[in-house]
Amino acid sequence: MAQQSLAQHIALDRFYAISAEINPVLAGDQVPPVDQCLCARDDNRAVLETLYATLSEAYPEAGMPYWSVRTWGLMVWQPIILTVIGVHGAGVLPPLQDLRQNVGTLMVAGYSLPDDGWEHGTEAQLTQRGGQALRALCDSLLAELREITLIKPLNALRLAADSLLSAIAGLDRIRPELTQTQRLELAWTWLRAMGLEGQSALMPLPLADGRTPLVLDRKGCCMHYRRHDGELCASCPKQKDEVRFTRLQEELLHDA
């Protein structure tokens, strides 16, 4: 029992260290106030209405399609990336039903998790269970969001798939030994575990400098172009493939 407790302590320390390295807001050191907390076990209507209202006030020109999709993206980005970090970085599956997310102005960032309820297993086992847990969480949160606004479930789930595969593409930061082929296989395995096969994909994109990074081959639209300061994302599926690929290549070379 003591060895198991020590192993869990080490795994959680690694989880929080990696999460904070990926993004400081993922350090897990925030305990959200009750009126600013998003949690699957709670009634989140009031906090979601507030978040949605702040977005509509900040970007009135963008309209409901943007407000609803942006609210959704903010709701799910943390549980998705934390699950991928846990499974592939620390060998644990976080208790997503007990994840308490901090909802601020125009942003959901910061969270707390309990010390118990974490799952252990092989990487393959945790991937399967993690995909199922994420899908259950997404379905629950989406149902709550649809009580206050209109949002197409298919587009919402496609955007969740995009967020998931973005995290998989970035695994080379914490698992540099993973080959590109292995990350492509993981992407397919996670999508299948979530029941989202074909709703997003990763693809190798050759660059002029000789690199061939993995990029998102998206099917969902985040509606950012509807904002007064927005435009179509480089990876937006509303563009023709040749335009999308060229823009992605230019963006990646510029950021190198």
Please name all residues satisfying salt bridge (Lys or Arg N to Asp or Glu O under 4.0 Å) with Glu177, sequence neighbours left out, ordered by chain then number.
Arg175
Spatial distance of atom CG (Leu157) from atom CG (Asp162) [nearest 0.5 Å]:
11.0 Å
Can you sort out the partners of Leu232 under side-chain contact (heavy atoms from CB on, under 4.5 Å), two or more places apart, ordered by chain and number?
Tyr225, Cys236, Lys238, Gln239, Arg247
May I have all residue pairs that pass ring pair (Phe, Tyr, Trp, His ring centres under 6.0 Å) and include part of residues 71-106, sequence neighbours excluded?
His88-Trp190
Results of side-chain contact (heavy atoms from CB on, under 4.5 Å) for Thr122 - residues two or more places apart only:
Ala124, Gln125
Which heavy atom of Ser140 sits nearest to which heavy atom of Ala40, and what is that distance?
OG-O, 4.5 Å
Between the side chains of Arg41 and Gln97, is a donor N or O closer than 3.5 angstrom to an acceptor N or O?
no
hydrophobic_cluster_shared for Val34 and Met75, side chain cutoff 4.5 Å
no
Contacts of Asp209 meeting side-chain contact (heavy atoms from CB on, under 4.5 Å) (sequence neighbours excluded), chain-then-number -> Leu207, Arg211, Leu253
Is it true that Val215 and Leu164 fall in one hydrophobic cluster, defined by side-chain heavy atoms closer than 4.5 Å?
no
Is there a donor-acceptor contact under 3.5 Å from the side chain of Thr83 to the main chain of Gly130?
no
With under 30° as parallel and over 60° as perpendicular, where do the rings of Phe15 and Trp118 fit, or are they tilted in between?
perpendicular
State whether a side-chain donor-acceptor pair under 3.5 Å links Thr149 with Tyr52.
yes
Would you verify whether the NZ or CZ of Arg227 falls within 45 degrees of the ring axis of Tyr59 while also being under 6.0 Å from that six-membered ring's centre?
yes
Got a sec, which residues hit side-chain contact (heavy atoms from CB on, under 4.5 Å) with Glu119, two or more places apart in sequence or on another chain?
Leu93, Leu126, Arg129
Salt bridge check: are Arg135 and Asp139 linked by an N-O gap of less than 4.0 Å?
yes
